[in-house]
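What follows is a single structure, written as structure tokens, with notes after it.
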2 protein chains.
Amino acid sequence: MSAWRERLQVDGGTTVTDRQGRDTGALANPSAVGLVAVIVAATDGEPRALTVQVPGQAGGRSDGLPAGPLVPEHPTLERGLRAWVERQTHQRLGYVEQLYTFGDRDRQGDEPHGLHTLSVAYLALVREVRPGGPAEASWRNWYRYLPWEDFRDGRPPALAEIEAKLLAWAGETADPKLRRRREDRLSLTFGLFDGAWNEERVLERYELLFEAGLIPEAQGQSGAATPGDGAVTGQPMAFDHRRVLATAIGRLRGKIKYRPVVFELMPPTFTLFQLQRTVEALSGTNLHKQNFRRLVAQQGLVEETEGVTSGAAGRPARLVRFRREVLLERPAPGFRLRPAKRPG
Amino acid sequence: MSAWRERLQVDGGTTVTDRQGRDTGALANPSAVGLVAVIVAATDGEPRALTVQVPGQAGGRSDGLPAGPLVPEHPTLERGLRAWVERQTHQRLGYVEQLYTFGDRDRQGDEPHGLHTLSVAYLALVREVRPGGPAEASWRNWYRYLPWEDFRDGRPPALAEIEAKLLAWAGETADPKLRRRREDRLSLTFGLFDGAWNEERVLERYELLFEAGLIPEAQGQSGAATPGDGAVTGQPMAFDHRRVLATAIGRLRGKIKYRPVVFELMPPTFTLFQLQRTVEALSGTNLHKQNFRRLVAQQGLVEETEGVTSGAAGRPARLVRFRREVLLERPAPGFRLRPAKRPG
DNA sequence: TCACTTATGCTCAAAATGAGCATTGTGCCG
DNA sequence: CGGCACAATGCTCATTTTGAGCATAAGTGA
């Protein structure tokens with residue numbers, strides 16, 4: 001886009017020398033761009049993300065998200081992403097949406113040259129868990145990395161310790177203004193001080209833990225305290241991939257409320273309860289069963305099929321399928337999920 | 001992030017030669033990254049975007065959004081954006097959020113080398129319209145560029161012609177499948193064939209017009225028909241900035257429904273009706289006045305001040321201010337706007 | 001003071017929610 | 001084969017939340 005260069009001169013910014021070698025593709029201000037994918041599936045009522053093994057710092061390996069650099073051969077960002085994912089995991093992607101572009105130089109501990117490294121993150125939803133693919137690719141329950149986000153079996157046990165440490169972090173500052181600010185954030189994100197837990201604020205919670213030094217990946221950052229063990233603050237991931245995962249979860253939790261995206265995760269036919277389990281898995285909360293099915297019914301999200309389940313205990317459930325037509329109808333529906341007092 | 005390079009080799013991807021000149025900052029797969037800002041204000045009940053003059057193709061100038069390349073001196077993407085905006089428009093930014101990263105090579109008519117040019121777009125909301133700054137920077141009513149999006153005075157007149165052309169476009173294909181698909185999209189986005197108009201689908205509408213060849217910026221694309229004149233399909237912008245603007249409007253229209261972001265556009269004190277006008281300006285629809293104020297009141301979004309308006313016709317209105325505390329309260333509120341049958 | 005205009009208060013019916021209780025089919029177990 | 005346990009489904013009911021209007025209050029300008 002040569003107009004950029006014109007602009008540069010017009011605006012008096014960095015001047016672009018014209019002697020740059022065009023054949024080598026040298027640019028005035030190059031950046032390295034990476035593509036990262038959070039690939040989500042939900043099987044057996046558990047939310048899963050596809051992970052790969054990434055060489056760690058000390059020669060070990062750690063979990064990471066499928067990722068790779070954007071190269072000129074990629075016609076678009078999204079196509080590039082699909083290519084990397086298929087190569088690394090043999091998983092084909094269906095629904096894909098862009099998530100966020102991370103480019104924080106301070107944070108990622110990048111190149112020393114002052115060059116930027118961006119990561120364009122995507123969220124993908126897939127139906128089936130393909131067991132094949134490279135051995136290093138595997139599906140993991142996403143709460144393994146963010147255990148404090150799962151309220152389906154009541155308040156996560158890890159939260160007690162986390163809260164204690166967060167309170168200590170808020171209290172360790174002398175500046176009353178900063179302290180007040182920290183407390184407000186604790187209230188907003190973790191529901192402390194009589195605040196409410198908002199299941200969409202996944203990223204904010206992660207960021208807060210990061211700042212408070214409770215995330216091992218924060219090591220090497222300024223002012224990071226000693227992180228707790230993984231059982232409490234979750235298993236680490238390579239790079240800042242946990243942050244990317246947190247972003248994805250937060251986005252997905254928000255989106256299922258107003259767009260019928262859950263169906264991207266469901267098999268062709270399913271029961272209403274399986275659907276509910278999936279929504280619950282994503283949101284990390286339990287829903288009122290009867291009301292959930294009333295909602296789904298009145299929104300016309302599904303239609304019945306002939307089939308019913310069998311074999312399991314209890315009355316067989318009717319199999320339904322997603323009504324694609326809803327996409328063309330009224331304001332695109334979703335679920336306004338509201339946690340139930342009692343599970344089930 | 002040298003780990004990327006390791007990954008590359010591990011995965012058998014592009015090999016990185018090690019002889020690259022580190023001092024020049026050469027990268028294996030460099031990309032040019034641009035930063036673009038949609039800066040929004042709402043004064044006198046009109047939604048405005050800050051534009052700058054950009055050198056056009058034929059030596060002329062056209063409206064564009066403040067933008068500039070990401071350079072190594074920028075500590076973060078957002079800081080880089082703020083720097084460019086301040087230089088180009090003398091406008092300081094308050095609320096800023098990332099919008100989308102555009103990287104479609106096919107579309108932007110980029111570099112011939114096959115290098116990628118990404119644009120990371122941001123949405124910024126500002127309170128006051130600063131008249132100062134370079135002469136080329138000016139506030140423009142955003143419906144100037146997307147006239148079909150404004151339903152405040154009833155159905156936009158431009159829509160009739162647009163719909164006719166879109167129908168023609170859908171009908172011009174022989175393939176019945178493709179035709180059906182086009183019609184579905186028309187229904188979904190423009191509410192044709194008995195569909196509903198969803199004010200959030202700004203981008204989808206723009207994309208559709210683009211594909212249908214009704215957008216002058218599409219010139220040079222394959223299969224583009226002759227675009228209509230600007231009075232109907234709006235004034236063009238440089239590059240793909242109209243697409244960026246459409247993205248911003250769609251995002252903002254969605255966001256005001258569940259986050260109190262409108263207040264970023266309001267002065268310190270304002271009347272409820274001014275607030276309503278602002279929401280209406282953004283959403284392009286009219287709201288029921290009494291219900292709007294009931295909503296605002298019961299959500300506790302504002303608190304009264306001593307002041308009242310004067311001078312204007314009619315009963316003076318009480319001045320209110322945003323209650324910042326709501327940010328810490330219940331699920332973060334916003335406006336669920338629902339168009340009123342009759343304006344006012 | 002009257003006419004006009006905009007701000008505010010209030011009412012009412014319809015729809016959407018949040019919680020439970022009641023019933024209906026199935027697989028299983030004596 | 002009768003009865004039980006366990007889910008799936010149906011339905012009720014009290015609240016809230018919407019959507020639409022009618023009515024009244026309080027300034028401005030003539």
Side-chain angles (χ1 to χ4, degrees), chain A residues 44-45 196 257-258 269-280 283 285-321 329-331 333-344, chain B residues 44-45 196 199 257-258 269-280 283 285-321 330-331 333-344:
Chain A
D44 309 321
K257 291 178 187 166
Y258 61 97
T269 68
F270 48 89
T271 70
L272 288 178
F273 196 52
Q274 284 166 356
L275 181 64
Q276 181 180 344
R277 284 286 183 232
T278 302
V279 173
E280 291 175 335
S283 71
T285 62
N286 287 311
L287 304 173
H288 183 281
K289 190 162 165 175
Q290 294 94 324
N291 290 346
F292 178 83
R293 61 169 42 231
R294 175 174 65 185
L295 183 71
V296 174
Q298 89 187 157
Q299 301 245 137
L301 289 170
V302 302
E303 60 194 3
E304 296 195 341
T305 70
E306 298 302 300
V308 289
T309 57
S310 67
R315 175 175 171 176
R318 179 149 303 273
L319 289 170
V320 299
R321 76 167 74 88
E329 294 167 8
R330 318 292 84 187
F335 303 100
R336 344 303 139 72
L337 20 119
R338 213 133 325 193
K341 290 280 173 61
R342 331 219 105 269
Chain B
D44 310 322
E199 80 278 350
K257 290 179 187 165
Y258 61 96
T269 69
F270 48 88
T271 70
L272 288 177
F273 196 52
Q274 284 166 355
L275 181 64
Q276 181 181 344
R277 283 288 183 230
T278 302
V279 173
E280 291 175 335
S283 71
T285 61
N286 287 311
L287 304 174
H288 184 280
K289 190 162 165 175
Q290 296 92 325
N291 290 346
F292 177 82
R293 60 169 44 230
R294 174 174 66 185
L295 183 70
V296 174
Q298 87 187 159
Q299 300 244 139
L301 289 169
V302 302
E303 60 192 3
E304 297 194 342
T305 70
E306 297 302 300
V308 290
T309 58
S310 66
R315 173 174 172 175
R318 179 147 306 271
L319 289 170
V320 300
R321 76 168 72 89
R330 317 292 84 185
F335 303 100
R336 332 346 124 51
L337 22 116
R338 213 132 325 194
K341 289 281 174 59
R342 329 218 106 271

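Note that the structure is predicted; figures quoted are calculated from it, not measured. Here is the naming used below: chain letters follow the sequence lines, and residue numbers restart at 1 for every chain.
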Report task. Using the closest heavy atom to pick a nucleotide of DNA chain C for each, name whichever of B:Q274 or B:R294 lands nearer the 5' end. Result -> B:Q274
Query - side chain to side chain donor-acceptor pair (under 3.5 Å) partners for B:D44, two or more places apart - result: none
**Report entry** Any residue of residues 306-317 of chain B with a heavy atom less than 4.0 Å from an atom of DNA chain C
**Finding:** B:A313, B:G314, B:R315, B:P316, B:A317
Requested in this report: Taking the side chain as every heavy atom from C-beta outward, state whether B:L295 and B:Q298 have any pair of such atoms under 4.5 Å apart.
Outcome: yes
Report task. Could you tell me the separation between the CG atom of A:L295 and the P atom of D:dT17, rounded to a whole number of Å? Result -> 17 Å
Requested in this report: Sequence neighbours left out, what pairs pass salt bridge (Lys or Arg N to Asp or Glu O under 4.0 Å) with at least one residue falling in residues 305-319 of chain A?
Outcome: A:E304-A:R318
Query raised in the report: Could you state the NZ-P distance from A:K289 to D:dG10, rounded to the nearest angstrom?
Result: 12 Å
Query raised in the report: Partners of B:R321 by salt bridge (Lys or Arg N to Asp or Glu O under 4.0 Å), sequence neighbours excluded?
Result: B:E303
Report summary line: Rounded to whole Å, CD of B:Q290 lies from C1' of D:dA25 at a distance of 14 Å
Query raised in the report: Among the nucleotides D:dA8, C:dC10, D:dA20, which one has an atom lying closest to any side-chain atom of B:H288?
Result: D:dA20
Query raised in the report: Rounded to whole angstroms, how far apart are CZ on B:R293 and P on D:dT17?
Result: 19 Å
Query raised in the report: How many Å lie between CG on B:L287 and P on D:dA20, as a whole number?
Result: 11 Å
